[in-house]
Each structure stands twice: as C-alpha cells, then as structure tokens.
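Heads up, the thing below is written out as structure tokens.
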Protein chains: 2
Amino acid sequence: MSTANALHIKPIHTNHENVLYQHGTLAQLVPGLLEGTISMKELLNEGNTGIGTGEGLDGEIIVLDGEAWKVGRSGVVEKVSDDTTLPFANMHHAAFQFQCERENIALPELHNRIVEANGRANAFFSVRIHGLFSYIKTRAVVKQSAPYPPLQTVAEQQEIFEAHNVQGTLLGYFAPTIFNGAAVAGFHDHFLADDHSIGGHVLDATLKKGKICSQIFDTLVQHLPVDNPEYRNHDFSHENILEAIEKAEH
Amino acid sequence: MSTANALHIKPIHTNHENVLYQHGTLAQLVPGLLEGTISMKELLNEGNTGIGTGEGLDGEIIVLDGEAWKVGRSGVVEKVSDDTTLPFANMHHAAFQFQCERENIALPELHNRIVEANGRANAFFSVRIHGLFSYIKTRAVVKQSAPYPPLQTVAEQQEIFEAHNVQGTLLGYFAPTIFNGAAVAGFHDHFLADDHSIGGHVLDATLKKGKICSQIFDTLVQHLPVDNPEYRNHDFSHENILEAIEKAEH
C-alpha cells in the first residue's frame, strides 16, 4: 500500500456533472502495476458513482449513490472500506438523464443503441441501467500479491458468475477510440444486484425490462500515479497493451 | 467559428501547478477537424503558459507569461486576440523548477536528458528553456478554410524558418506513449525569440547555452468539443491517426 502517495493528492474539485475523473490507466494493469495509489476515501471526493479495482486486482468495485461495493473470487458482495487503495478507478458525480425504457435486448445491441441515442462516439459518457435482467454473466479477477503478474495471467484465473431474472444496476463507462489504452475503448461495465446476490465486471447480459440513463462528459480528469516508483520508470514500449486490454476486459 | 460552443464551457478551476489542461486532441487535426472550439480568453483562464493553433491551423501559437503570440506563413510574430478560437491547445499555470544549465547540446539529446532528469517517462510535463540557440529551425502551417483538408495535406504546404544565434524561449510539452493520439507522444515544442524575429513549431535546434526548467503534472484535464457537430459524429476508425501525427508533428 502506498498511502504516502495517496496522501499527496490534491483534489482539484471536479464537482461538475460534465467531468469524469480517472485515476491510473488501464495500460498500467497490463504489465502488473497493481499497487494501490489512491484511497477509496479520496475517490469519493471525486464523485458518488464509479467503478474500479483494489490493490493487486482485489475485486471488481462498483460505487453507487456514494457506497462502494466489491466482488472477489467468492462472488460475495462486500463493502469497500475508506482506506482500501486502488490502482485504477473511474468516478463521477451522478447527474444522469433518462434516455428511454427498453425490453428484451441483449447487451451488444443495447450498447449500440445508447451510442446512437447520445450521438457522440467521441465523448466519454456513463450509462446506468436499472431493471430486470433475464441473464447476467460477470467475472471477478482474483487478488494477487506482489510481485504482481501481468494482467493476462490474472485474467486466466478469473471466476465466472451467472444469474437469471435478477433485478439490479449496470453501471458503464464509454471511452472514445482515441483513448484506448488509457481507458477501455467502448464500454466498461460493472453490475450490482439490488439484493447483492451477484455483482462484478459484466461479460454478457440481456435486459428484460429497464430504464436507460446516460450522462455525457466534456472533460476527462486523468490523474496519474507519477510518484509511484514502479509506474514512473516502467517501459511500456515492449508490451502489446491494446491487445492485452481487449483480451482481459471483453 | 463556433463561439456558441465556446460559450458553453464551464471552467473547472484547474488552478494547480500539477495540472495540464488540454482542449481537443491531436487526432482531431488529422482528418481536418479544424474548427475553433474554445477562445483564447477561455484558455487564459486555464493557465498563463501554453501552445496551440488557431482555427483552420491558423499559426503556431505560444503563450508565455499570459501573453499569446502566433506565427503564420509570413513568419511574422503577431499578438493573438482574446476572441481567436482554437481547435487544439495545451495550457498550464507556470510553476517551473530550475533543472540545470546546459551548453552546446542538440535538441534530441536535450530531450533525452530532460526525461532522464525528471525520471518520469509516464508523466505529462512541460519544459521551458531560455537561452541562446546557435541554431533553430521552425515551421508554421498555412491557415486553411472550410471545408478543411486533412493534416497531411496542410503539413506539405508548411513554411520553414531558420535562424542562428538567437536568444529565446523553447516551450515544450511531453506526453507519455500511452496518450499518443490524444497528444503527441514525446515532446511537442514551440519557440519564440526574445526579439520576436522568429517563432513557430520547433523542428530542430541546438542550444548554445541556456537554463532548463521543468514542471511535472500528475493530472491531465482533457477537454473535448463534444457538442461540435463535426467532432461528435466523426468516425476515426478508418484513419491511421498515429502515423499521420508522427509525419506532421516531427
């Protein structure tokens, strides 16, 4: 845990509904730069809604209405403590706009419709979908210890969870193609069942009936762990970052 | 001019020495998305130091001590008015740290030494070098009118300027590899002679003697023109953005 780093962060008061805050980059996870470099408490200053992972890829984290939850290999949904540190997270202040209701629609089609409705494939935006999912398939990565292995090794050990007819919230972040590497280009979705029976990083879903809300950002606040010794000196040039993200995140 | 867009921008008060503000992405320039989407006045709220280009690639802009200057095809240094709009700019609040003095050093070697001294190839940072340059070679792109051509066509029409033994300021921004496309990976340098006899986008230089100052950022505030009709609907997937940036910017 690098709480020393975490304590140096000056918040820049991104209290605007058009701002997405990102700590770390997805590229960092690829070679196994998994040290936690910001605390959950600090992240909650940047928004009440978000996704992320704990130090060492400790669980799939989702933040809804200011409460942070994680799902690890056991599949059990647990509260995330304020002093938990994270290598990567997206956070924002929720000000979602209702877009429409949809019925009986699979996730890939749902994604396409949301991009179409927003009319902005080159903006960052978030989606929150609450409703009844006739099918949901999630995964949770397995927490690693230092020295950390690369993301691909970790992704091969992931646990898969499935459920049918579950009520819950899918929270997704969309990043434009040009930011692939810094983020996951396209959608990056996490899920939490209302009864906490299932959660995690979404691999597949079918919405039976639910409300689609979206929030478009004009600004990405990209915070980097520039004082973290492993990050500052890491040479990314010999790694196929984009291919590894594609394999591990979709 | 899309002043309507420009007027919608809410500043997020990035008045921190560790924050780099970027409006637009370099990727946008590649297919010719050259409409000005922020005003110089708005940019000056985000810092007193920066680089950029005007609408239609109107000149190579440099901002030093809160004053904005541009060099176009004539090579003459002109003041940039507050209502000038820009498709792309980097801005920050200067709080440079003195790094060292250097003598008789060519730009590529100087770049390497600065990255080494900062010890952070994965952070955004700025460098300001003031001194006597035994050689400086700059270029200025030629202002285009709508419908705008792609960057490569414009780059082929650039004007080249050279000078020997000129006193001036080189202002550069360094971006980590993973942000290539959003920015120019590596250094992006502009120059202004103290006597305004030469300026522009730096292609080559040799420093005879000068002071090297640098400023490391832990946060990139990336602002995107998400309401600009050409930007929001543009499909970047069929363009080789990175190759075009490499050709046009180095």
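Residue numbers begin at 1 in each chain, while the letters A, B, ... track the order of the sequences.
Taking the six-membered ring for Trp and thresholds of 30 and 60 degrees, A:Phe174 and A:Phe187 have ring planes more than 60 degrees apart, a perpendicular arrangement.
For A:Glu55 (side chain) and A:Ser145 (main-chain N/O), no donor-acceptor pair under 3.5 Å exists by modelled atom type. Using modelled atom types, one side-chain atom of A:His190 and one backbone atom of A:Ile61 make a donor-acceptor pair closer than 3.5 Å. Counting only distance, with no hydrogens or angles, the side chain of A:Asp204 and the backbone of A:Leu107 share no donor-acceptor pair below 3.5 Å.
Within the 4.5 angstrom heavy-atom criterion, only side-chain atoms of A:Thr25, from C-beta onward, approach chain B. With a 4.5 angstrom heavy-atom cutoff, A:Tyr231 touches chain B via backbone and side-chain atoms both. Interface residue A:Leu220: backbone and side-chain heavy atoms are both found under 4.5 Å from chain B.
Using modelled atom types, one finds no donor on one side chain facing an acceptor on the other under 3.5 Å when comparing B:Asn90 with B:His188.
Counting heavy-atom pairs closer than 4.5 Å to chain B, the top residue among A:Gln28, A:Arg120, A:Gln22, A:His234 is A:Arg120. Of the listed residues (A:Ile241, A:Leu224, A:Asn118), the greatest number of heavy-atom pairs within a distance under 4.5 Å of chain B belongs to A:Leu224.
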